[in-house]
Amino acid sequence: MPDVHILVNEFVNQLKKRKIEGSQATAKQTAELLRSVISQQRVPQTNQATALINAVRAVGEKLIAANPVELAVGNIARRVLHIIREEDLSLATAAIADLELSAVSDDEDDVERDDYPVLSAAAVAAAARSTLRPPSLQTLLEDAPISAAIPHTSSSGGDSEGKSRSVDKGSRGRKLKHDVIEAVNELIQDISTCYEQIAEQAVEHIHQNEVILTLGSSKTVLEFLCAAKEKKRSFKVFVAEGAPRYQGHLLAKELAARGLQTTVITDSAVFAMISRVNMVIVGAHAVMANGGVIAPVGLNMVALAAQRHAVPFVVLAGSHKLCPLYPHNPEVLLNELRSPSELLDFGEFSDCMDSASGGGSLHVVNPTFDYVPPKLVSLFITDTGGHNPSYMYRLIADYYSADDLVVKRRPVTGS
Amino acid sequence: MGAPKKSSARVSEDHDELVRVPLQAILIADSFTTKFRPITLERPKVLLPLVNAPMINYTLTWLESAGVEEVFVFCCAHSKQVINYLEKSEWFNQPNFTVTTIESQNSVSAGDALRVIYERNVIHGDFVLVSGDTVSNMSLTQALLEHKERKKKDSNAVMTMVIKRSKTNPAIHQSRLGTDEIFMAIDPDTKQLLYYEDKADYSKGTLHLENSLLADNPSLSLHHDKQDCYIDICSPEVLSLFTDNFDYQHLRRHFVKGLLVDDIMGYKIFVHEICSDYAARIDNFRSYDTVSKDIIHRWTYPLVPDVMNFGNTTTKLERQGIYRASGFGTKIGNNTKILNSVVGEGCKIGSNVHIEGCYIWDNVTIEDGCKLRYGIVCDGVTMKSGSALEPGVVLSFKVVVGKEFVVPTYSQVSLLQQPIEEDSDEELEYADSTSAITSTLDKSDGESDSELSDTHFNPASELGFGGVGYIWPKCEGGHEEEWRHSVAPITEDKILEAVKALEDELELILDGNTLPPSGELKPNSIDSDEDDNDDLRDDFDKEVEETFLRAVHENIQENHLTLEVNSLKLSYNKIAADCAGALFYAMMKYAVDMPHSSAERLTQNVQAVLAKWKKVLTSYLNDMDEQIEVILKFEEMCLESAKEYAPLFAQILHYMYNEDIIEEDAILSWEDEKKEADESDKVFVKQAQTFIQWLKEAPEEDEEE
């Protein structure tokens, strides 16, 4: 236990001091941390799921508070909570199926499951899942031929449902924990391979002799473009440099090194160049439930330019970037103002900031993110495929359970 | 991408070296000055809130995130308060970051502090030396690396000072932080610090550099736009140096200058300049104001209120640059305006209050209709309705300002009387602070409250009806300077005054021609006291002549000759006019010594020599006085040593005028000077009469054109 505390505090510290950057790294580390929290959590005989949920919630709350702008932390915490709920449920249904009990009076079960009639295991599982997760298009299609026996392909904890059918009651605690850890491992795996899964779709979107525009640097975009290149597509890339951090320069360097025909332009030239562009492909910091995008600063401008010239605006986002929250006042509340020293040299302008001796009072503001409203986004490409902005809320319902949207410890729950 | 690679490389390198020593830091939680009085009589400076968090928190947070593993906090004044604070905070139980306090009651300076730490024998390797009022977000990796590498090459490189570019206000010679302009000479290649002066004398407008400084270093750059961040990376030798030199008190004034002057031991100090990172030390009320604003403007990111969240409150940055904390308990009434200010926890601010540029700490009560401008209001202060603060006021703890009372500008108000032995002399400040420590220490140990309640104030005290507190009488030394260091913006008239003074100064400089216009490295700025005895003069002239002849014979370049003459000038303590005279003498002597058959031939000789060495001569002839000196010298020669020139005087004068060696004004004023002279002295004026006449008419012709 003390080890976990140290780990948690260390991670909180790093988040607070903004030492971890990039949603992928953050997501991965959060998942790993939560895994060790779960593995070290001692589970009681009863209410194991609640104990785990409370433990994860407590840590998640701390992590979110440490850097509320890094939405990936919250996303992962919610994903893990969802996994615990699902695993618990699937274990419960498996147990029911085994025992063929007529009434489920098991106190280890979740509350909402009290009044199921006797059904076959598969039916119960399907029903249970549908209470946890309202049927999505995908599940509906799957469920049509045979019921829930088909392993679920959505990448969260869904596919572990079918694994454990027969468990004896005594080892259920350990079993639950084990399954949850397995599922979290899968989640970590998903996070680290999301690039590949997104990149696999590249050929479907990038066509021969197209001109692609991107802004700043994103690992996902890099992999996406390179995947298309590897499939022998020949196309041009315009890279807007992405002031003030100029990460576009790095991206351009990398692309050129991989043999892509790359052109660097300034951010302000985007509108001038957009008419020659066939598609805008960018990365995101987070995708909100309404389909809006929190993205590096400058992207709203690009999206507007793309809309003006009817150029498709495509956002690449791994599923860990899907955030179940709706943005409220995102320009301010989901933004972070970084040090103005990225914009200009303190020494050169120090006399302009010496308001005390009448040197003038210069203010410099350096916001990190832009909010791109959903109507400007043409397509999201996630590791599960391409989606419309209006479909985001559905996708999110696949990954998160509604109970976890607010990650705050309930004042009194079990434990 | 570059940074992480570097750091990982560094770690592995460290492992290769014998044993990896944890990075240590010494944090001196006392400034050993009285600049924050009267507040510091009751609370140590490091615990004063800076944008609602104690200053020491900023320093410790930075040290922790910069990778320092062990910090020794040296506490002196109010040591109990500092230790209590640290015990209550989370700093004592951080993983990978140990904080140890070292307490000493009888240290009166940073030097003493370092000697105490040396005795404890806790520092084992390179360490970072900062004071507890430093705000920074710089990464130490690069600076440490540079320091270590230099140390490897040269064991005398004992210290690396961190500097940052920041322009100073030219009119008042002070930085944004309210500190004096610092002059530094730095070797541009090695970054070695060669000269450091923070108390330059502006009245003369000159700066004195040792000539050995110029002789020994192939190049050096002189800066006055660097800000000393008071962050030093030191080798352990620094501590023993302090112990060896028990008279070192002040880190800069004694230690740095001492090392720079001392060439026996050969210790070297280097600088590390930071560009994008922020670092500043809070030295006085003005820097308190400036650094607060820098924090609010996020130059210190991530050390900004909404990210750092000390304590339990969460602060959010909202539109229009407003930081708002939740659960703060501060109430603000209707129709109250607060601009450019910081308001602490638990304050009650009434209606129709106007607050501008103020720092209001915790639990302050401001009643309706008050007006506060550019002040610092400490914990527990009450301002009765209708009272006002003029710019620059400091209200110390629990002061009560009476109804409708206007606290005059720059006043410092405290419940405590001003300590008697106040002295503006800096040296005595140390002694002074000891007495302050002892007198206030017992108060800080819990007695203060009871004592304060015992004190009976008149209902109509110095602070109006119902006011409680003393307005400190202004000490004489501080009076002049208070506008420099207060939180209030410097008033227009002060700046105008300073600008005017600067202009006068410039005129003075131009008159005396002590500073070359470019400001480059020509240290020809020594004011000679004009009591040269003749021996010296002759020696100097002779030396210059010899140097000149050598230059002619060995074909030395002009600028080298200039350099040599410069060094002669410095060693003989001469001014430019002397050089000009001596050089001119040498040239004419040389010309006359050359074989010549006729007067015409001699003129040609003179012309040839002057043409060749004109540049050297004119570099000393920026000014009329020097040119007159040359004419006088010429006259003297014609009369005495080289009578051959006598008939050619006017001719050569004309030539020199044509060549721009001597200007019209100089000739005219020379003539003017000679008007009252004896007839015998006027020989040459008469000879040149036609030429002068022509000169006088020339300008009128110009006008006609």
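Throughout, protein chains are lettered first and strands after them, A, B, ... in sequence-line order, and every chain is numbered starting at 1.
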Practice prompt. Using non-hydrogen atoms and a 4.5 Å limit, figure out which bit of A:Asn13 sits close to chain B: side chain, backbone, both or neither.
Written response: side chain
Worksheet item: Can you list the steps and then say if A:Phe346 with B:Asp277 is a side-chain contact (heavy atoms from CB on, under 4.5 Å)?
Response: CA-CA 9 Å; A:Phe346 181 85; B:Asp277 293 334; over 6 Å; no
Worksheet item: With a 4.5 angstrom heavy-atom cut-off, which part of A:Asn366 approaches chain B: side chain, backbone, both or neither?
Response: neither
Worksheet item: Which region of A:Glu10, side chain (C-beta onward) or backbone (N, CA, C, O), has a non-hydrogen atom less than 4.5 Å from a non-hydrogen atom of chain B, or is it both or neither?
Response: side chain
Practice prompt. Could you tell me which non-hydrogen atom of B:Pro302 sits nearest to which non-hydrogen atom of A:Lys17, and how far apart they are?
Written response: CG-O, 3.6 Å
Worksheet item: Do A:Ser350 side-chain atoms and B:Lys167 backbone N/O form a donor-acceptor pair below 3.5 Å?
Response: yes
Discussion item. Are there over 12 heavy-atom neighbours, none belonging to B:Glu90, within less than 6.0 Å of that residue's CD?
Written reply: no
Worksheet item: Quick one: of A:Pro340, A:Pro68, A:Ser339, who has the most non-hydrogen atom pairs under 4.5 Å with chain B?
Response: A:Pro340
Fill in: Flag side-chain contact, heavy atom, 4.5 Å: B:Arg298 against A:Arg338
no
Discussion item. Within the supplied structure, the quantity of interest is the number of heavy atoms (other residues, nucleotides, ligands) at a distance under 6.0 Å from A:Lys28 NZ; does it exceed 12?
Written reply: no
Item to complete: Would you please classify the geometry between the B:His297 ring and the A:His363 ring as parallel, tilted or perpendicular, with 30° and 60° separating the classes?
Response: tilted
Fill in: Minimum heavy-atom distance B:Trp299-A:Val364, with the two atoms named
CZ2-CG2, 4.2 Å
Practice prompt. Applying side-chain contact (heavy atoms from CB on, under 4.5 Å), run through A:Arg18 and B:Val307 and close with a yes or a no.
Written response: CA-CA 9 Å; A:Arg18 307 296 193 255; B:Val307 174; 3.4 Å; yes
